[in-house]
Amino acid sequence: MPKRTLLKTGLITLTWIPVLMTVNDKVCYISQIKGSSMRPTLNPSDSSNDWILLWKFRKDAVQRNDVILFKSPMDPKKILCKRVKGVELDKVFTKYPYPKDSVIVPRNHIWVEGDNVTHSIDSNEFGPISKGLIVGSVATIIWPPSRWGTDLKETLGRNNILKKNIDT
Ligand SMILES: *[C@@H]1O[C@H](CO)[C@@H](O)[C@H](O)[C@H]1NC(C)=O
């Protein structure tokens, strides 16, 4: 009976939409990257804006070299994209304008920097950030197709800035 099929479809749709929405904001979502602070990893030229797939993950699971999105510690309405360069209890050798030469990243904090070292407002400006500000990690670039397969795990940005903590 068509009427019944319609009802069934309606129910299925109703059951599915919330699931999709949950996946959307609890597990992953798609986001466009703006700006040049993560060059050459993301947005390699002025004419391209990469679209990325963002995974929400347990914030404790964040690792060095993850590319993450997080709320700006200076303006929580702004979402920034940087690479994790240090995790808790790492000693990081900082650069200008950070007021000290080095810093121990406090517990539950991380140190983030842009791959485009000279054009990035990052932890050297605002210090270590709380893991609570993390939105998710960039899993992969989904658009444009010419950017498929880009290795986000490649270690870019400043090198040898770290004395790793005793746990790792
Ligand atoms: C860093 O950003 C600037 C400003 O947008 C850009 O001119 C420069 O090419 C970028 N550097 C790299 C390594 O991509």
Side-chain angles (χ1 to χ4, degrees), residues 24-25 27-59 61-106 108-165 168:
N24 209 20
D25 58 36
V27 181
C28 65
Y29 64 86
I30 289 162
S31 176
Q32 190 180 29
I33 298 290
K34 297 214 161 86
S36 57
S37 81
M38 282 299 284
R39 262 183 213 169
T41 311
L42 295 169
N43 289 357
S45 74
D46 283 336
S47 56
S48 84
N49 276 109
D50 290 337
W51 288 83
I52 52 100
L53 181 70
L54 187 82
W55 278 111
K56 302 259 178 145
F57 62 160
R58 276 184 47 236
K59 292 173 183 181
V62 67
Q63 290 180 332
R64 293 185 198 99
N65 279 319
D66 284 347
V67 177
I68 60 161
L69 260 55
F70 59 95
K71 294 185 190 133
S72 163
M74 299 183 295
D75 178 0
K77 284 184 303 252
K78 267 201 193 133
I79 304 287
L80 305 178
C81 179
K82 304 284 169 213
R83 189 180 295 273
V84 178
K85 299 295 281 185
V87 296
E88 57 184 11
L89 308 183
D90 280 345
K91 183 178 184 183
V92 179
F93 297 100
T94 64
K95 72 176 194 75
Y96 181 82
Y98 200 73
K100 289 188 290 173
D101 288 346
S102 70
V103 62
I104 309 268
V105 180
N108 291 314
H109 284 63
I110 51 170
W111 185 268
V112 291
E113 290 191 5
D115 287 351
N116 189 342
V117 175
T118 51
H119 286 85
S120 173
I121 293 170
D122 52 33
S123 282
N124 289 297
E125 190 119 351
F126 46 68
I129 62 158
S130 163
K131 283 186 190 171
L133 294 171
I134 298 174
V135 177
S137 79
V138 177
T140 186
I141 298 173
I142 56 166
W143 199 260
S146 60
R147 307 269 300 127
W148 288 349
T150 301
D151 184 7
L152 298 170
K153 277 287 188 182
E154 213 178 325
T155 313
L156 291 164
R158 293 198 300 144
N159 286 318
N160 304 322
I161 62 164
L162 208 66
K163 211 166 177 177
K164 290 180 182 174
N165 72 45
T168 45

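Index from 1, following the sequence. Read the numbers this way: they start at 1 and go in the same order the structure lists the ligands and their atoms. When reading the values below, keep in mind they use all heavy atoms of this one structure, side chains included, and skip hydrogens, waters and symmetry mates.
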Exercise. Taking distance alone, with no angle check, do S36 and ligand 1 share an N/O pair under 3.5 Å?
Worked result: yes
Exercise. Which protein heavy atom lies closest to atom 10 (C) of ligand 1, and at what distance to 0.1 Å?
Worked result: N116 ND2, 2.5 Å
Problem set entry | Closest approach of any protein heavy atom to atom 7 (O) of ligand 1, naming residue and atom | R39 NH1, 4.2 Å
For this session: Report the distance from atom OG of S36 to atom CG of D46, rounding to the nearest 0.5 Å.
Result: 7.0 Å
Exercise. When rounded to the nearest 0.5 angstrom, what distance separates CE in M38 from NZ in K82?
Worked result: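 Going from CE on M38 over to NZ on K82, the span is 7.5 Å.
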Exercise. Near K163 NZ, under 6.0 Å, is it more than 12 heavy atoms from other residues, nucleotides or ligands?
Worked result: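 No.
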Exercise. With sequence neighbours excluded, what pairs up with D122 under the side-chain hydrogen bond (donor to acceptor under 3.5 Å, both in side chains) test?
Worked result: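 Here the qualifying residues are S120, N124.
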